[in-house]
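These notes concern the structure reproduced below.
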Amino acid sequence: MTTRAIATHRVVAHLDLDAFYCQVERRDLRAKTAAGRRDGRASAEDVPLVVVQYNPFERGGVRALAPDDDRELRDGFENHSLIAVSYEARARGVKRNMRGREARALAPACAVVQVPTRRSKADLTLYREAGREVAAVLARGGTIERASIDEAYLDLTESAKKVLEETAWATILEKARTSHAAGASAVSGKGYASVAWWNRDESEWREEEKLLAAGAYICFNLRKACVDELGYTLSAGIALNKMLAKLTSGMNKPASQTVLCPDHTSTLLDELPIDRIRGLGAKFGRELADGLNVKTIGELARTPLRKLEEVCGEEKAQWVRKVSLGLDDDPVKAREMPKSIGTGKTFRGALAIRSIASAKHWLAELTAELNDRCEADEEEWNRVPKLLTLGLSSPDERETSSGHCSRRCPLRPGADEMAQDALTLLSKWASGRERWSITGMSVSASNFVSLEKDSGDVVEMFKNATKAAKAPASVSATPAASPIKADQIDKNVLAELPEAIQREIRASMGLLDKSTGGGVKRKNEITNYFSKKR
DNA sequence: ATTCGGTGGTAC
DNA sequence: GTACCACCG
């Protein structure tokens, strides 16, 4: 009877790294301390920490700082814009959109770390790679959709069913119950009432609640793996769809996860401010709120569909109606790779670009970075981009549009080629006007096509590893077989592989001793590498 | 308070 | 093909 219902329910998790850039920098500081490279400064642990992005008009400007350099700012050089604030700093009232100086005033011991720079601009490679490492771990749990550098959705439906079949309920519960149960307070009337919800007798659990519990169990294991293997904490929300999972993941931060009790979805949404729902946080949400004179999702749910349609048209009205009822059928798309790679820089005020020579210089810098990242991407995912897009911000565009425009052309690989083509696009744009100025430039690569896999000795050699890596996912208390066994790979061979892949292999071997199941996927780096034309 | 450097998606 | 939107640290 309930078996029919199972098929209609999904288990979706939204996972989000806590103050991600700060965690990456914290780990970096730890490593530098251990290597004796922080000349006697205090330990990096528990100190408030903020990450700043240079401000070209501040003292220090765009200082050239490689990831490996000492990037802790001091001596009055730290008054740049904050882009990430650790929870220790938040506890002292430090907020994003403050400057370094304000952070220091509130938290004198605060470590102020500047983002790495390269080619006279911010270089986010350090964070991108850390994000990828995390995604690789999360991908063991189920279908992953990377939503940003530090966020992902997982469809845990199948994995959760499997866990329910293979794992004792008590075992699942033991880990799942460390999650907050959102809405449970409505049942018990207590503040921290998760306990009451988790304490119910097994017979009182509906099938979809059990699936959510299994999802929470998987999530717990994945988050633990991220802490154990990478040293990063995440927060997570587990619910019946993406929208609810996203809403739920932010309820208990940092380093904890929340399950949304299905029975309490409408209670939760009823008084929720409209802008808390993804997609309603900005202009569209304001238009709805103003047009209908409503403030909460509950009010939105009670608005006649006709009125919704008047404000935003039929299609959007449908979406709004469903979302206001807690429904969202947007699938978790299997996508671990980015769809585009881009880089840009702003040139405000006096820094605006007004000559072709200057434009040429910056395009060369931008395309050099773009080319580096495309080459790394090809190495990792065995694909190449086919489309180059130049983006421009210019006050000259403001009369006709919002001040931005873009032009595209076929992408020819190579930094010089990209620079040339981007300059051609820019020249065409500029040739239409006498005087011009550019306040922002970006280049991006997209329309990726995969390179054919071909047979080769390497593939043959690692056939077993590839086969094992394709085994179905399993995240349980009893680990499945590891994709690659230690004795399958020659030590010397291992040493010659790229660092990321070495890590991957070591991690998959390490899983044998860990509580987070192995036998999974993460085939991308490994199988791509092995199936790649060498 | 909305900087700077990104991402993905949709309307037309 | 381009403009614009929403959201992230």
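Quick caveat, the model's predicted, so the values are computed rather than measured. In the text below, chain A, chain B and the rest are named by the order of the sequence lines, each starting its count at 1.
- Taking atom CH2 of residue A/W319 and atom P of nucleotide B/dG9, one finds them 14 Å apart after rounding to whole Å.
- Each of C/dG9, B/dG6, C/dA3 was ranked by its minimum atom distance to the side chain of A/S406; first place goes to C/dA3.
- Under 4.0 angstrom from either OP1 or OP2 of B/dG5 there lies at least one side-chain N or O belonging to A/Y54.
- For A/R96, whose side chain is taken as the heavy atoms from C-beta onward, the closest listed nucleotide among C/dA6, B/dG6, C/dG9 is C/dG9.
- Comparing B/dG9, B/dC4, C/dA6 against the side chain of A/F284 picks out C/dA6 as the nearest.
- Between B/dG5, C/dC8, C/dC7, one nucleotide has an atom nearer to the side chain of A/D150 than all others, and that is C/dC8.
- Here the side chains of A/E102 and A/V94 are not in contact, with every heavy-atom distance at 4.5 Å or above.
- Between the CZ atom of A/R408 and the C1' atom of C/dC4 there is a distance of 14 Å, given to the nearest Å.
- The aromatic ring centres of A/F347 and A/W362 sit less than 6.0 Å apart.
- Here the side chain of A/M98 is nearest to one of B/dA1, C/dC8, B/dG5, namely B/dA1.
- Annotation for A/E271: atom CD does not count as buried by contact number, only 12 or fewer foreign heavy atoms lying within 6.0 Å.
- A sub-4.0 Å separation between OP1 or OP2 of C/dG1 and a side-chain N or O of A/R407 is absent.
- Rounded to whole Å, the distance from CG on A/D377 to C1' on B/dT7 is 14 Å.
- Taking the nucleotide of DNA chain B with the nearest heavy atom to each of A/K316 and A/S340, the more 5' of the two is matched to A/S340.
- Rounded to an integer number of Å, the gap from CG of A/L388 to C1' of C/dT2 is 15 Å.
- At B/dT7, one or more side-chain N or O atoms of A/R373 fall inside 4.0 Å of OP1 or OP2 (strictly under the cut-off).
- Nucleotides B/dG5 and B/dA1, compared at atom P, are 23 Å apart to the nearest Å.
- In this structure, CD1 of A/I341 is placed 12 Å from C1' of B/dT7, rounded to the nearest angstrom.
- Rounded to whole Å, atom C1' of B/dG5 lies 16 Å from atom CZ of A/R119.
- Between A/R128 atom CZ and C/dG9 atom C1' there is a gap of 12 Å when expressed in whole angstrom units.
- When rounded to the nearest whole Å, the span between CD of A/Q53 and P of B/dG5 equals 5 Å.
- Side chain of A/R278, nearest nucleotide from B/dG9, B/dG5, C/dC7: C/dC7.
- Few gaps surround CZ on A/R383; more than 12 heavy atoms of other groups in view lie less than 6.0 Å from it.
- Here A/S148 does not reach the OP1 or OP2 of B/dG6: none of its side-chain N or O atoms lies under 4.0 Å away.
- For B/dG8, neither phosphate oxygen OP1 nor OP2 lies less than 4.0 angstrom from any side-chain nitrogen or oxygen of A/K339.
- Which of B/dG6, C/dA3, B/dG8 sits closest to the side chain of A/P338 comes down to B/dG8.
- Comparing atom distances between the A/A122 side chain and each of B/dG5, B/dC4, C/dA6 picks out B/dG5 as nearest.
- Side chain of A/K333, nearest nucleotide from C/dA6, B/dG9, C/dG9: B/dG9.
- Taking 3.5 Å as the limit, the base of B/dA1 and the side chain of A/E102 contain a donor-acceptor pair of atoms between them.
- Side chain of A/C405, nearest nucleotide from C/dC7, C/dA3, C/dG9: C/dA3.
- Atom NZ of A/K360 is surrounded by 12 or fewer heavy atoms from other residues, nucleotides or ligands within 6.0 Å.
- With A/E229 as reference, A/R140 is the one residue of A/K224, A/R140, A/R223 to meet the salt bridge (Lys or Arg N to Asp or Glu O under 4.0 Å) rule.
- The number of heavy-atom neighbours closer than 6.0 Å to CD of A/E315, taken from other residues, nucleotides and ligands shown, is 12 or below.
- In this structure, A/T343 reaches the B/dG6 phosphate: one of its side-chain N or O atoms is under 4.0 Å from OP1 or OP2.
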